[in-house]
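Heads up, the thing below is written out as structure tokens.
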Protein chains: 2
Amino acid sequence: MNRDLIHESLAKKVKNKMLSDDLLFDVAEVFKIFGDSTRIKIIYALKLSELCVSDIAFITNSSESAISHQLRILKQAKLVKSRKDGKIVYYSLKDEHVIKLFEIGREHALEL
Amino acid sequence: MNRDLIHESLAKKVKNKMLSDDLLFDVAEVFKIFGDSTRIKIIYALKLSELCVSDIAFITNSSESAISHQLRILKQAKLVKSRKDGKIVYYSLKDEHVIKLFEIGREHALEL
DNA sequence: CCTTCATTTGAATACCCGTTCATATATTCA
DNA sequence: TGAATATATGAACGGGTATTCAAATGAAGG
């Protein structure tokens, strides 16, 4: 780690302009949530409609347990919200921001 | 997996409207690339300037080997491009799309 | 050529994380 | 209250992946 810098002036300038490690970590965390097939499927399904756990399990061909675990993660990340009606818990996307992120990722995926 | 559907009609409708597993998988893959602190740091640094491997290692406090590995991943994902000048390889972001995705993730991270 | 230096590569390690399975909680209804 | 059902939870297992370390590649300069 104690070498000569190849472009000392430039590298130090860029290093000074870097965002904080904390913020960059948080940004990575947001993307990490979207970076799983099951969660992306859930997000897209919820983009189409409010749904309960077993609906989502059916739609995504996953177990209810797996979906429940993933919904907890999505909820902790404040990407989805839930309401309870009797035995059934209905999940939906928390805001338009989530949809925006999804759409841009989708555009990019299509460009490959 | 062979239960009664709670909201059969709705669930089947949503399932029919789902994007293909392949596409949703690809979308998740894109986000997965962004979902790592080191790679996000690299992306942000390259947003500020074209840089070589050892510059990036200095800026991100990582080893050159680790950066090189991550740059390969970023290049395979078509998020960065490179040009060679003698011994030195200069990396830069491939297009504005990458910046757009980063910025939206950043906005979302700030909203927590 | 031989050395130096920037980068790459491969194998090994260690860690993270998604799923499964079994069980628990909670709510409805008989 | 007791059975049935929807969801949640916790532990454990397995697969994936980021980093490290050692070594290889490739280019410049003496």
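Just so it is clear, the values below take in all heavy atoms, side chains as well, and ignore hydrogens, waters and symmetry mates. Lettering follows sequence order; numbering is per chain, from 1.
Between B/K47 and B/E103 there is a salt bridge, since at least one side-chain N of the basic residue sits less than 4.0 Å from a carboxylate O of the acidic one. Contact check on B/E111 versus B/R106 returns no salt bridge, with no Lys/Arg side-chain nitrogen under 4.0 Å from an Asp/Glu carboxylate oxygen.
Atom CZ in A/R83 sits roughly 15 Å away from atom P in C/dT27 (whole-Å rounding). One atom, CG of A/L71, and another, P of D/dA8, lie 7 Å apart when rounded to the nearest Å. Between A/L5 atom CG and C/dC5 atom C1' there is a gap of 14 Å when expressed in whole angstrom units. Between the C1' atom of D/dT7 and the CD atom of A/E64 lies a distance of 8 Å, rounded to the nearest Å. Going from atom CD1 of A/I33 over to atom C1' of C/dC17 covers 11 Å, rounded to whole Å. Protein atom OH of B/Y90 is 13 Å distant from nucleotide atom C1' of C/dT7, rounded to whole Å. Between the CZ atom of B/F58 and the C1' atom of C/dC5 there is a distance of 19 Å, given to the nearest Å. Between the P atom of D/dT7 and the CG atom of A/L74 lies a distance of 16 Å, rounded to the nearest Å.
In this view, B/K78 satisfies the salt bridge (charged side-chain N to carboxylate O under 4.0 Å, His left out) rule with no residue, not counting sequence neighbours. Legend: residues meeting salt bridge (charged side-chain N to carboxylate O under 4.0 Å, His left out) with A/E107, ordered by chain and number and at least two apart, are absent. Listed by chain and residue number, A/E8 satisfy the salt bridge (charged side-chain N to carboxylate O under 4.0 Å, His left out) test with A/K12 (two or more places apart in sequence, or in another chain).
A sub-4.0 Å separation between OP1 or OP2 of D/dA8 and a side-chain N or O of A/Y91 is present.
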For nucleotides 16-20 of chain D, print each protein N/O atom paired with a nucleotide N/O atom at under 3.5 Å, atom names and distance only.
from, atom 1, to, atom 2, distance (Å)
D/dA18, OP1, B/R39, NH1, 3.4
D/dA18, OP1, B/R39, NH2, 3.1
D/dA18, OP2, B/R39, NH1, 3.3
D/dT19, OP1, B/T38, OG1, 2.5
D/dT19, OP2, B/Q70, NE2, 2.8
D/dT20, OP2, B/S63, OG, 3.4
D/dT20, O4, B/H69, NE2, 3.2

N/O donor-acceptor pairs under 3.5 Å from side chains in residues 37-46 of chain A, not counting sequence neighbours:
from, atom 1, to, atom 2, distance (Å)
A/R39, NE, A/I33, O, 2.7
A/R39, NH1, A/Q70, OE1, 2.7
A/R39, NH2, A/K32, O, 3.3
A/K41, NZ, B/D21, OD2, 3.4

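Proximity of the aromatic rings of B/H97 and B/F102 is defined here by a centroid distance below 6.0 angstrom, and this criterion is not met. Residues B/H7 and A/Y90 bring their aromatic ring centres within 6.0 Å.
Taking the centre and axis of the six-membered ring of B/F58, the NZ or CZ atom of A/K15 falls inside the cone set by 45° and 6.0 Å.
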- Indicate for each nucleotide in nucleotides 25-30 of chain D, in 5' to 3' sequence, whether protein heavy atoms under 4.0 Å reach the base (B), only the sugar-phosphate (S), or nothing (-). -BBS--

